[in-house]
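Some notes on the structure that comes next.
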Amino acid sequence: KINKILEVNGNIIMHDVQKNYRIISEKVIFDRNYKIINSFGKSSFIFLDKNNVDINFKVSGENSIFNQDKKILEIENNVILEDLLNDYTIYSDKIIYDIKKDIIKSVDKTKINYKDNLLVNTRDIFFNKGLKIFRSNKNTEIIDIDNNKFEISNFEFNLENKIFKGKKIKVYDKDNNILEFENGLVNLNSNELIGSDFNFNFNKNSFGNPENDPRLIGRYVITNKSSTTMKKSTFTTCKKIDGKCPAWSISADEIVHKSEKKRIEYKNAWLEIYDTPVA
């Protein structure tokens, strides 16, 4: 009582009705002087609505520090954060939640599951809950519901408009084609990918000769499940040889690759033989 420290052990439920949260833990130490709550062992923080009925989101892990004055929660070891309002889950080794600023930070390896439609593997994420935007400057791998894999040097994911974007993006699709571009974005609503300064390397078996290297390069690309449209692009199937131009190529103002029909269509096209326009 003199130090104003309360220690409780065994199946603890601590409910702050005014601040709309509940703590469940194996052991809690509450320092009333500094307004700090330490939990030990398996612990869960449950953040409720204003009526203390519905769960907005919850954070589970092992061992935590909650500063009631600064409204900052730090929880570590096998952390799982579930946002029930926005339907995503974060898995991390450590999460810091600044309630005043409405900002969540994860430390080190982090995985995000968004509506079971998108799996994100990255490190050190920053999530602004108010703006509903995830950010990370670390190398990131994203796998979508169609099993397309994205490798991105850094990324931003906006939950409001369901768009993620990044730099130096490499995409592996289900047909083992590889699309690389400098800057791009993916719209989950329209299932479209848009990028600039791209290289599109087809699966070697796409055009009947596995010895060749079918590929497209260009300035701008937009792709969806059925087709890929490219601007100011060049296509060839010639084998890649360092320092040598392809034996033939077709360049065009617009090229459309229709994946199901395995067909490429050209608009305002010209044929080049060893970099010389001939038709």
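Residues: numbered from 1 along the sequence shown. What you see is a predicted model, and the numbers here were worked out from it, not measured in a lab.
The aromatic ring centres of Phe127 and Tyr88 sit less than 6.0 Å apart. Aromatic ring centres of Phe134 and Phe126 lie farther apart than the 6.0 Å criterion allows. For Phe47 and Tyr97, the ring centers sit closer than 6.0 Å to each other. Ring-centre distance between His15 and Tyr21: not below the 6.0 Å cut-off. Ring-centre distance between Phe200 and Phe198: not below the 6.0 Å cut-off. Phe150 and Phe164 have their aromatic ring centers within a separation under 6.0 angstrom.
In the displayed structure, Asn137 atom CG is contacted under 6.0 Å by at most 12 heavy atoms of other residues, nucleotides or ligands. Counting non-hydrogen atoms of other residues, nucleotides and ligands closer than 6.0 Å to CG of Asn147 gives a total of 12 or fewer. More than 12 heavy atoms of other residues, nucleotides or ligands lie within 6.0 Å of CZ in Phe40, so this atom counts as buried by the packing criterion. With a 6.0 Å radius and a threshold of 12 heavy atoms from other residues, nucleotides or ligands, Lys19 has its NZ atom above the threshold. Crowding of Asn11 atom CG: a count of heavy atoms from other residues, nucleotides or ligands under 6.0 Å not exceeding 12.
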Inset, instruction - For side-chain contact (heavy atoms from CB on, under 4.5 Å), just list the numbers for Glu182 and Lys167, CA-CA rounded to whole Å, side-chain angles, deciding distance to a tenth of an Å, and then say yes or no. - result: CA-CA 5 Å; Glu182 284 297 311; Lys167 297 180 179 179; over 6 Å; no
Inset, instruction - With side-chain hydrogen bond (donor to acceptor under 3.5 Å, both in side chains) as the test, would you mind laying out the steps for Asn113 and Asp116 before giving the verdict? - result: CA-CA 6 Å; Asn113 183 337; Asp116 288 330; 3.0 Å; yes
Legend entry - side-chain contact (heavy atoms from CB on, under 4.5 Å) between Phe235 and Trp248, worked out: CA-CA 9 Å; Phe235 172 73; Trp248 70 269; 4.0 Å; yes
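Residues forming a side-chain hydrogen bond (donor to acceptor under 3.5 Å, both in side chains) with Ser43 (at least two apart in sequence, or on another chain): Ser25, Ser39. Listed by chain and residue number, Gln68, Asp69 satisfy the side chain to side chain contact (heavy atoms under 4.5 Å, CB included) test with Lys35 (two or more places apart in sequence, or in another chain). Judged as a side chain to side chain contact (heavy atoms under 4.5 Å, CB included), and not counting sequence neighbours, the contacts of Ile217 are Asn199, Thr234.
We find that Lys27 and Glu7 are joined by a salt bridge, their nearest charged nitrogen and carboxylate oxygen being less than 4.0 Å apart. Using a 4.0 Å cut-off between charged side-chain N and carboxylate O, Asp253 and Lys232 make a salt bridge. In summary, Lys42 and Glu26 do not engage in a salt bridge, as defined by a charged side-chain N under 4.0 Å from a carboxylate O. Salt bridge status for Lys267 with Glu265: absent, with no side-chain N to carboxylate O gap under 4.0 Å.
No side-chain heavy atom of Lys111 sits under 4.5 Å from any side-chain heavy atom of Ile90. Using a 4.5 Å cut-off on side-chain heavy atoms (C-beta onward), Ile36 and Ile65 make contact. Looking at Met14 and Ile37, their side chains come closer than 4.5 Å, going by heavy atoms from C-beta outward. Contact check for Phe157 versus Ile142: no side-chain heavy atoms found under the 4.5 Å cut-off.
By the rule that hydrophobic residues join a cluster once side-chain heavy atoms approach within less than 4.5 Å of another member, Ile273 and Trp270 end up as members of separate clusters. Cluster membership check: Leu216 shares its hydrophobic cluster with Leu271, using side-chain heavy-atom separations under 4.5 Å among Ile, Leu, Val, Met, Phe, Trp and Tyr.
Considering all non-hydrogen atoms of both residues, Asp16 and Asn52 come closest at O-OD1, 4.3 Å. When every heavy atom of Asp31 is checked against every heavy atom of Tyr34, the shortest pair comes out as OD1-N, 3.3 Å. Between Lys101 and Asp98, the shortest heavy-atom contact is N-OD1, 3.1 Å.
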